[in-house]
Asks: 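Questions regarding the structure given below will be posed in turn.
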Amino acid sequence: MGIRVRYAPSPTGLQHIGGIRTALFNYFFAKSRGGKFILRIEDTDRERYSEDALNDLYNTLNWLGIDWDEGPDKGGEYGPYVQSERTELYREYARRLVESGHAYYCYCSQERLEELRERQKKDKQDFGYDRKCRDLPESEIEEYKRDGVKPVIRLKIPLEGETVFHDYLLGDITKKNIDISPDPVLLKSDGYPTYHLANVIDDHFMSITHILRAQEWLPSCPLHVVLYKAFGWKVPQYCHLPMVMGSNGQKLSKRHGATAVRDFIEKGYLPEAILNYVSLIGWSYDDSREFFTKEELEKLFILDKLNKSPGIFDYKKLDWFNGHYIRQKSNDELKALLVPYLIKYGFVEPARLPDISGLLDGIVAIVKERLKVLSDIKELAWFFFKEIDNYSPEEIIPKKLNAAKTIEILESIKKHLPDIFSRSEDKVEELIKFLAENAGVKLGDFIMPLRVAVTGSNVSPPIIDSLKLLGIEKTTARLERAINILKNEVGNG
RNA sequence: GUCUCCUUCGUCUAGUGGUUAGGACAGCGGGUUUUCAUCCCGCCAACAGGGGUUCGACUCCCCUAGGAGAUGCCA
């Protein structure tokens with residue numbers, strides 16, 4: 001049988017960078033080896049279950065362009081692919097484990113377990129269940145039953161010996177059974193399975209051949225192996241992926257910044273960039289290649305190039321990738337991507353879009369190489385759509401000049417506006433240089449007041465292009481306004 | 001506390017006994033330029049420490065240190 005892998009998220013939170021990295025690697029591994037990629041929903045935590053999270057999962061995967069061969073919406077021979085629809089299976093197999101002596105009912109209350117944990121922590125003892133119910137006298141069991149206590153089912157971890165398994169990346173891993181989490185719960189008192197049980201059963205019955213998952217699962221892997229052996233099933237191939245960390249070297253979380261893919265989408269990251277960058281955390285192709293499309297990765301991905309050590313998520317490098325992919329877009333593509341942001345910021349009405357198509361084309365052209373993320377459009381282009389805020393006279397007056405001189409410059413430009421608007425690009429440049437020379441100031445000092453007057457800032461897209469897009473009326477008005485502000489300044493000073 | 005995993009520039013990494021330890025991001029400097037950015041060029045910067053093995057260790061072994069993860073009726 002061919003390779004079968006799965007991504008098995010739990011719909012308890014938004015899809016985050018670490019999660020999709022796992023999804024991506026599974027997907028690429030399957031594709032590159034001609035295998036199947038399966039999506040399975042592990043919704044056994046009924047308390048944290050969230051519809052929103054489930055929708056987010058589909059949105060994110062679709063956005064990334066990741067498709068699965070079998071899954072809840074697609075079906076397949078091994079369904080259902082939602083764990084909450086498979087509970088009978090888990091119960092049945094948990095029961096079998098009890099019957100075969102590999103598991104037992106535990107009647108301990110949550111309170112007792114909490115107390116136990118606290119005491120262990122305080123006394124610096126080993127943490128974990130004390131196996132109180134592992135050998136319960138019949139009489140006591142009868143008592144619990146009479147009281148209607150709902151038991152859980154716990155796995156009997158062997159008290160002696162060791163469990164060995166092979167990890168593709170890490171090699172053989174040996175763990176003394178006594179060090180395995182003592183008798184973990186398999187079936188909760190609400191009748192739902194825990195991750196350990198459901199995961200093992202599903203992977204077995206779905207014929208999963210390789211398990212690629214984050215290294216945070218490494219400590220519980222021996223436990224899973226014990227389970228496989230208790231069932232008498234073949235253990236799949238394991239490959240535990242290095243974790244994705246935040247800037248402080250700890251598990252990536254909210255306090256490091258955005259981690260949910262949804263947030264990245266909102267800020268204007270492109271799927272190409274996220275996919276490319278995330279694939280390079282813990283994996284590399286060779287000594288220099290950085291750019292990969294999804295299609296390329298589907299062919300080139302190999303497990304052998306996986307790295308063992310955890311990787312820190314670098315927001316700046318992601319920005320660099322994103323800028324690259326933005327510049328990779330055609331102007332029309334970029335325009336289409338930018339429009340939703342212009343609407344969101346209240347710059348344009350959707351209905352007016354056709355009227356200002358030309359303006360938009362112009363803006364896209366001058367903004368393209370200045371965008372790191374799509375939402376940067378707000379700062380870069382707001383002055384085309386909104387009246388500019390008050391800027392201070394200090395901002396508009398070049399360092400070496402005074403208000404009077406600045407007024408002179410702006411007046412000069414205003415006078416020649418018709419020429420500027422009618423001439424071709426290099427002719428305008430010629431004219432501006434000539435005017436600057438006439439005024440006896442450097443070109444930079446000549447242009448800066450214009451830039452501030454028209455864009456409200458001393459950092460802007462190319463100013464001549466900008467003002468041509470703005471139109472002569474608005475430009476004139478903004479120049480006049482600036483001149484007035486400066487005149488007041490002279491009057492007051 | 002216990003167990004497990006990890007350890008090359010600030011960050012992502014290449015490297016599998018003999019290299020001036022390579023690339024990228026970031027940073028810094030320069031060029032192009034009307035600002036910013038793009039683009040181009042350059043600079044800075046690493047084998048955690050200590051023992052072995054070997055003619056020779058970033059590469060193999062051991063120890064130490066540091067980091068991380070797990071230790072849930074969460075996944």
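Everything quoted here is computed from the prediction, not taken from an experiment. Here is the naming used below: chain letters follow the sequence lines, and residue numbers restart at 1 for every chain.
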Asks: With a cut-off of 6.0 Å (strictly less than), are more than 12 heavy atoms of other residues, nucleotides or ligands near CZ of Phe205(A)?
Replies: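 Enclosed.
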Asks: Give the rounded distance in Å between these two atoms: CG of Leu306(A) and P of rC5(B).
Replies: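 Taking atom P of rC5(B) as the reference, CG of Leu306(A) is at 17 Å.
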Asks: Can you tell me the distance, in whole Å, between the NZ atom of Lys316(A) and the P atom of rU11(B)?
Replies: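 In whole Å, rU11(B) P and Lys316(A) NZ are 14 Å from each other.
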Asks: Strictly by Watson-Crick or wobble contacts shorter than 3.5 Å, is anything paired with rA75(B), and which nucleotide is it?
Replies: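 The answer is none; no pair meets the criterion.
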Asks: Using purine N1 to pyrimidine N3 plus N6-O4 or O6-N4 for Watson-Crick, or N1-O2 and O6-N3 for G-U wobble, each under 3.5 Å, what pairs with rG27(B)?
Replies: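 Answer to the pairing question: rC43(B), which forms a Watson-Crick or G-U pair with rG27(B).
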Asks: Which value, in whole Å, describes the distance between the P atoms of nucleotides rG49(B) and rA57(B)?
Replies: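 15 Å, rounded to whole Å.
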Asks: Using whole Å, what does the distance between atom P of nucleotide rG15(B) and atom NZ of Lys308(A) come to?
Replies: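 Rounded to the whole Å, the gap is 13 Å.
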Asks: Find which nucleotide of RNA chain B each of Lys176(A) and Glu290(A) is nearest to by heavy atoms, and output the residue with the more 5' nucleotide.
Replies: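 So the residue in question is Lys176(A).
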Asks: Over how many whole Å does the gap from His256(A) atom NE2 to rU11(B) atom C1' extend?
Replies: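 After rounding, the gap between these two atoms is 14 Å.
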Asks: Just to confirm, is there a sub-4.0 Å distance from OP1 or OP2 of rC12(B) to any side-chain nitrogen or oxygen of Lys317(A)?
Replies: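 For rC12(B), OP1/OP2 do not have a side-chain N/O of Lys317(A) under 4.0 Å.
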Asks: May I ask you to decide whether Asp183(A) forms a salt bridge with Arg131(A), counting only side-chain N to carboxylate O separations under 4.0 Å?
Replies: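 Looking at Arg131(A) together with Asp183(A), the answer is yes, because their closest N to O distance falls below 4.0 Å.
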Asks: CD of Gln125(A): more than 12 outside heavy atoms within 6.0 angstrom?
Replies: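 Atom CD in Gln125(A) is packed in, count exceeds 12.
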Asks: Is the distance between the ring centroids of Tyr277(A) and Phe313(A) less than 6.0 Å?
Replies: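 Yes, the ring centres sit under 6.0 Å apart.
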Asks: So, Asp147(A) and Tyr107(A): side-chain donor and acceptor under 3.5 Å apart, yes or no?
Replies: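 Per modelled atom types, Asp147(A) and Tyr107(A) side chains form no pair under 3.5 Å.
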Asks: Nearest-Å distance, CG (Asp172(A)) to C1' (rC5(B))?
Replies: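 Between C1' of rC5(B) and CG of Asp172(A): 15 Å.
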Asks: Tell me if the NZ atom of Lys175(A) is crowded by more than 12 foreign heavy atoms within 6.0 Å.
Replies: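 Counting other residues, nucleotides and ligands, NZ of Lys175(A) exceeds 12 neighbours.
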Asks: Using the P atom as the reference point in each nucleotide, state the distance between rA68(B) and rC12(B) in Å, no decimals.
Replies: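 That atom pair is separated by 14 Å.
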Asks: Could you check whether Arg40(A) pairs with Asp202(A) (Lys NZ or Arg NE/NH1/NH2 to Asp/Glu carboxylate O, under 4.0 Å)?
Replies: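 The answer is yes: the pair qualifies as a salt bridge.
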Asks: Using Watson-Crick or G-U wobble geometry with both distances below 3.5 Å, tell me the partner of rA57(B), or none.
Replies: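 Partner of rA57(B): none.
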Asks: Using the P atom in both, what is the distance from rA45(B) to rU7(B), to the nearest Å?
Replies: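 Comparing P positions in rA45(B) and rU7(B) gives a spacing of 25 Å.
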Asks: What string of B, S and - do you get for nucleotides 67-75 of chain B, 5' to 3', when a contact is any protein heavy atom under 4.0 Å?
Replies: -SSSBSBBB
Asks: From the options rC5(B), rU11(B), rG1(B), select the nucleotide whose nearest atom is closest to the side chain of Asp314(A).
Replies: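 Of the options given, the side chain of Asp314(A) lies nearest rU11(B).
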Asks: Paired with rA48(B): which nucleotide, if any, by Watson-Crick or G-U wobble criteria at under 3.5 Å for both distances?
Replies: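 Matched rA48(B) with rU64(B) under the 3.5 Å cut-off.
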Asks: Taking the side chain of Asp126(A) as its heavy atoms from C-beta onward, which of rG1(B), rG22(B), rU34(B) lies nearest to it?
Replies: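 The answer is rG1(B).
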Asks: Output yes when Glu411(A) and Lys415(A) qualify as a salt bridge under the 4.0 Å nitrogen-oxygen rule, no when they do not.
Replies: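 Between Lys415(A) and Glu411(A) there is no salt bridge, as every charged N stays at least 4.0 Å from the carboxylate O atoms.
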Asks: Paired with rC3(B) by Watson-Crick or G-U wobble geometry, both distances under 3.5 Å: which nucleotide is it?
Replies: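 Partner of rC3(B): rG69(B).
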Asks: I'd like the P distance from rG18(B) over to rA75(B), given in whole Å.
Replies: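 49 Å, rounded to whole Å.
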Asks: When rounded to the nearest Å, what value does the distance between P atoms of rC3(B) and rU64(B) take?
Replies: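 Rounded to whole Å, the distance is 12 Å.
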Asks: Whole angstroms only, please: what is the CG-P distance between Asp130(A) and rG1(B)?
Replies: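 These atoms are roughly 22 Å apart.
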Asks: Quick check: are there more than 12 heavy atoms from other residues, nucleotides or ligands sitting under 6.0 Å from NZ of Lys267(A)?
Replies: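 Counting other residues, nucleotides and ligands, NZ of Lys267(A) stays at 12 neighbours or fewer.
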Asks: What integer distance in Å separates Asn276(A):CG from rC12(B):C1'?
Replies: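 Nearest whole value for this atom pair: 12 Å.
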Asks: When the C1' atoms of rG15(B) and rC9(B) are compared, how many Å lie between them, rounded to an integer?
Replies: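 Their C1' atoms lie roughly 14 Å apart.
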Asks: Could you run through nucleotides 36-42 of chain B and give me one letter per nucleotide, 5' to 3': B if any protein heavy atom sits under 4.0 Å from the base, S if only the sugar-phosphate is that close, - if neither?
Replies: BBSS---
Asks: Taking the C1' atom in each of rG66(B) and rC47(B), what is the distance between them to the nearest angstrom?
Replies: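 rG66(B) and rC47(B) have their C1' atoms separated by 16 Å.
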Asks: Are His224(A) and Tyr195(A) an aromatic pair by the rule of ring centers under 6.0 Å?
Replies: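 Yes, the ring centres sit under 6.0 Å apart.
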Asks: Which nucleotide wins on minimum distance to the side chain of Lys305(A), given the candidates rU34(B), rU4(B), rG15(B)?
Replies: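 Nearest nucleotide to the side chain: rG15(B).
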Asks: Just the rounded figure in Å: distance from C1' of rC25(B) to CZ of Phe313(A).
Replies: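 Computing the Phe313(A):CZ to rC25(B):C1' distance gives 13 Å.
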Asks: Do the charged groups of Arg423(A) and Glu430(A) touch, with an N to O distance under 4.0 Å?
Replies: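 Salt bridge between Arg423(A) and Glu430(A), a charged N being under 4.0 Å from a carboxylate O: no.
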Asks: Quick one: look up who rU34(B) pairs with, Watson-Crick or G-U, both distances under 3.5 Å, and put none if it's unpaired.
Replies: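 Answer to the pairing question: none, since rU34(B) forms no Watson-Crick or G-U pair.
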Asks: Taking the ring of Phe291(A) and the ring of His324(A), is the distance between their centroids below 6.0 Å?
Replies: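 Centroid distance His324(A)-Phe291(A): below 6.0 Å, so yes.
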Asks: For the side chain of Asp287(A), starting at C-beta, report the closest nucleotide among rG22(B), rU2(B), rU35(B).
Replies: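 The answer is rG22(B), which lies nearest to the side chain.
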Asks: Any strand counts, and the cut-off is 3.5 Å on both contacts for Watson-Crick or G-U wobble. Which nucleotide pairs with rA21(B)?
Replies: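 In the structure as shown, rA21(B) has no Watson-Crick or wobble partner.
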Asks: What's Asn307(A) touching, base or sugar-phosphate or nothing? Going by heavy atoms closer than 4.0 Å.
Replies: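 Sugar-phosphate contact only - Asn307(A) comes under 4.0 Å of backbone atoms but never of a base.
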Asks: Identify whether any heavy atom of Gly282(A) sits under 4.0 Å from a base atom; if not, whether one sits that close to sugar-phosphate; answer base, sugar-phosphate or nothing.
Replies: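 Result for Gly282(A) = sugar-phosphate.
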Asks: If we take the C1' atom in both rU38(B) and rG31(B), what is their distance in whole Å?
Replies: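 That atom pair is separated by 14 Å.
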Asks: Answer with base, sugar-phosphate or nothing: what part of the nucleic acid does Ile463(A) contact at a heavy-atom distance below 4.0 Å?
Replies: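 Here Ile463(A) touches the bases of the nucleic acid.
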